[in-house]
Amino acid sequence: MSTPSAINPRYAKGLFVTANNNWWHSGLLDGTTTISVRTSGDFCWSAFTNTRSREGMTRALDLLVWHMVKTVPDWHPQKRA
């Protein structure tokens, strides 16, 4: 699921893949915004909201959780056993 195609090197079979090997996917349904991530350090997280906005809600949710991951010492991938 994480091997990108030659046609689209940033998308695999159901997951977006970044150059530093983070995998992610987001979604929208009426009244919801979601995002799930597996980091290159094997740390996984998902965030779900009960609201939907066409103006950058997914990006804002992504940035919020990345901030939390970098701020909470026990969540930092390099500090995990």
Side-chain angles (χ1 to χ4, degrees):
M1 287 182 61
S2 63
T3 304
S5 69
I7 294 172
N8 189 348
R10 296 186 333 154
Y11 192 75
K13 296 177 180 86
L15 297 169
F16 292 95
V17 181
T18 66
N20 60 348
N21 202 32
N22 291 329
W23 312 343
W24 66 277
H25 202 282
S26 61
L28 299 168
L29 292 173
D30 289 343
T32 67
T33 301
T34 66
I35 187 166
S36 293
V37 174
R38 179 241 172 227
T39 71
S40 59
D42 288 331
F43 186 78
C44 300
W45 55 265
S46 295
F48 302 82
T49 67
N50 63 347
T51 188
R52 180 178 177 185
S53 169
R54 297 178 193 264
E55 302 300 323
M57 179 70 171
T58 301
R59 181 69 179 141
L61 189 57
D62 182 50
L63 290 172
L64 172 66
V65 179
W66 273 112
H67 174 73
M68 291 166 54
V69 168
K70 293 174 183 176
T71 302
V72 177
D74 290 343
W75 290 7
H76 202 273
Q78 286 74 23
K79 297 189 188 246
R80 296 186 63 213

Shortest non-hydrogen pair, Arg52 vs Asp30, comes out as NH1-OD1, 3.5 Å
Tracing side-chain contacts under 4.5 Å among Ile, Leu, Val, Met, Phe, Trp and Tyr outward from Leu29 reaches none
Apart from Met1 itself, its cluster of hydrophobic side chains linked below 4.5 Å comprises Leu15, Val17, Trp23
Determine whether Trp24 and Asp62 make a side-chain contact, defined as any pair of heavy atoms from C-beta on separated by less than 4.5 Å.
no
Sequence neighbours excluded, the answer for side chain to side chain contact (heavy atoms under 4.5 Å, CB included) partners of Ser46 is Ser36, Phe48
Hits for side chain to side chain contact (heavy atoms under 4.5 Å, CB included) against Thr49, two or more places apart or cross-chain, chain-then-number order -> Thr33, Thr51, Met57, Leu61
For residues 3-11, please give each side-chain donor-acceptor pair under 3.5 Å, one per line with the distance, not counting sequence neighbours.
from: Ser5; atom 1: OG; to: Asn8; atom 2: N; distance (Å): 3.1
from: Asn8; atom 1: OD1; to: Arg10; atom 2: N; distance (Å): 3.2

- Identify whether Leu64 and Val37 are in the same connected component of the hydrophobic contact network (ILVMFWY, side-chain heavy atoms under 4.5 Å). yes
Next item on the list: Using the rule that two of Ile, Leu, Val, Met, Phe, Trp, Tyr join whenever any of their side-chain heavy atoms come within less than 4.5 Å, decide whether Phe43 and Trp66 are in one cluster.
Entry: yes
Sorted by chain and number, sequence neighbours left out, side chain to side chain donor-acceptor pair (under 3.5 Å) with Ser40 holds for none
Check your understanding: Between His25 and Phe16, what is the ring plane arrangement, given parallel below 30°, perpendicular above 60°, and tilted in between?
Key -> tilted
